[in-house]
Protein chains: 2
Amino acid sequence: MKSDIYLNLRQTKGRDKILDILQKEPVPVDVVHIISHLENEKVNLNQATVYRILEAFSKNGIIKRFEFLEGKFRYEVDKGDHHHFICQICNLVEDISDCNIKEWEEELEKEKGFLVKNHSLEFFGVCQKCQS
Amino acid sequence: MKSDIYLNLRQTKGRDKILDILQKEPVPVDVVHIISHLENEKVNLNQATVYRILEAFSKNGIIKRFEFLEGKFRYEVDKGDHHHFICQICNLVEDISDCNIKEWEEELEKEKGFLVKNHSLEFFGVCQKCQS
DNA sequence: TTAGGTGCAAATGATTTGCAATAAT
DNA sequence: ATTATTGCAAATCATTTGCACCTAA
């Protein structure tokens with residue numbers, strides 16, 4: 001059915017399907033994951049196309065790109081500002097909402113039993129020089 | 001001269017040189033940057049070796065790996081917990097110390113004139129299940 | 001109809017690997 | 001002497017690109 005989420009993008013079977021897959025994922029997934037999902041469901045989509053769709057979705061704010069120190073990107077439908085806890089052993093990924101790092105780490109340890117070894121935080125934006 | 005920073009690692013010319021380069025860098029740099037530095041100084045080090053040295057340093061806590069949503073790693077001598085601001089336009093990287101995200105973003109905007117578009121924060125550690 | 005989307009095959013960029021030769025302890 | 005480290009060349013993994021064809025609007 002017709003969706004208005006695509007903004008100025010055209011609606012195609014491939015896009016519908018990838019969006020569908022991502023909407024069902026509780027955590028960011030990589031391209032291999034998406035492609036194997038597509039194969040399971042007998043959806044034929046070239047991998048170059050998959051990358052192009054993900055790029056288009058990212059640029060239009062439909063999804064967000066993440067990096068988990070794995071040397072590759074992960075993608076997730078944009079659920080607003082939140083973060084993740086990644087288990088360095090089993091690769092469990094769990095959503096973290098709210099914001100206050102030191103407190104967080106303590107809470108994560110107390111409430112979830114996570115042993116937080118480190119975290120990565122980067123800001124992205126435009127510096128003063130580039131705003132003019 | 002002999003250095004004790006290497007712990008159980010052997011001290012080699014290549015390691016000394018890479019450590020030297022990283023110690024002089026104010027921000028995390030990528031492998032291309034390191035290799036071109038080596039070339040400038042006529043230091044011959046195979047790129048596979050460079051990667052292996054960086055891996056050894058990382059595993060021994062001498063340096064830290066970062067990702068700036070570029071699809072590659074950056075490396076920095078371990079200066080303890082801190083973060084970075086990356087300009088999406090000119091790729092300026094500036095250190096951020098202290099911790100409190102929302103406040104930070106406002107401070108960054110007020111004090112540095114940075115326009116913060118988004119930030120990435122991930123925690124890494126060991127989940128409860130994996131601790132036992 | 002026509003600009004935007006896709007497939008295919010090949011290229012690129014980052015990182016890793018096997019194995020033999022070499023150097024640090 | 002022993003074992004870690006390095007060089008080399010090739011492999012692998014993630015992602016991108018050019019170009020001709022196709023399709024949603």
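Naming convention: chains lettered A, B, ... in sequence-line order (proteins, then strands); numbering from 1 in each chain.
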For nucleotides 15-25 of chain D, read 5' to 3', which letter fits each nucleotide if B means a protein heavy atom sits under 4.0 Å from the base, S means only the sugar-phosphate is that close, and - means neither? BBBB----BBS

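- Contact check on Glu67(B) versus Arg74(B) returns no salt bridge, with no Lys/Arg side-chain nitrogen under 4.0 Å from an Asp/Glu carboxylate oxygen.
- Recorded end-axis angle for the helix from dT1(C)-dA25(D) to dT25(C)-dA1(D) stands at 40°, based on five pairs per end and rounded to 10 degrees.
- No donor-acceptor pair closer than 3.5 Å links the side chain of Gln128(A) to the backbone N or O of Phe114(B).
- Checking His83(B) against Glu94(B) by side-chain atom types alone, no donor-acceptor pair falls below 3.5 Å.
- Looking only at distances, a side-chain donor or acceptor of Gln131(A) sits under 3.5 Å from a matching main-chain atom of Val126(A).
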In residues 50-62 of chain A, what donor-acceptor pairs under 3.5 Å come from side-chain atoms, sequence neighbours left out?
unit_1: Glu55(A); atom_1: OE2; unit_2: Lys59(A); atom_2: NZ; d: 3.1
unit_1: Ser58(A); atom_1: OG; unit_2: Leu54(A); atom_2: O; d: 2.8
unit_1: Asn60(A); atom_1: ND2; unit_2: Ala56(A); atom_2: O; d: 2.8

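- A salt bridge links Lys79(B) to Glu76(B): one of the charged nitrogens lies within less than 4.0 Å of a carboxylate oxygen.
- With respect to Asp20(B) and Lys17(B), a salt bridge is recorded, a charged nitrogen being found less than 4.0 Å from a carboxylate O.
- Remark: P of dT5(D) and CD1 of Ile18(B) are 13 Å apart, rounded to the nearest angstrom.
- Atom-to-atom, CG of Leu45(B) to P of dA23(C) comes out at 13 Å; the value is rounded to the nearest Å.
- In this structure, CG of Leu38(A) is placed 10 Å from P of dG7(C), rounded to the nearest angstrom.
- Aromatic pair Phe123(B)/Phe85(A): centroids not less than 6.0 angstrom apart.
- One atom, CZ of Phe68(A), and another, C1' of dA14(D), lie 17 Å apart when rounded to the nearest Å.
- Going from atom CD1 of Ile35(B) over to atom C1' of dC8(D) covers 14 Å, rounded to whole Å.
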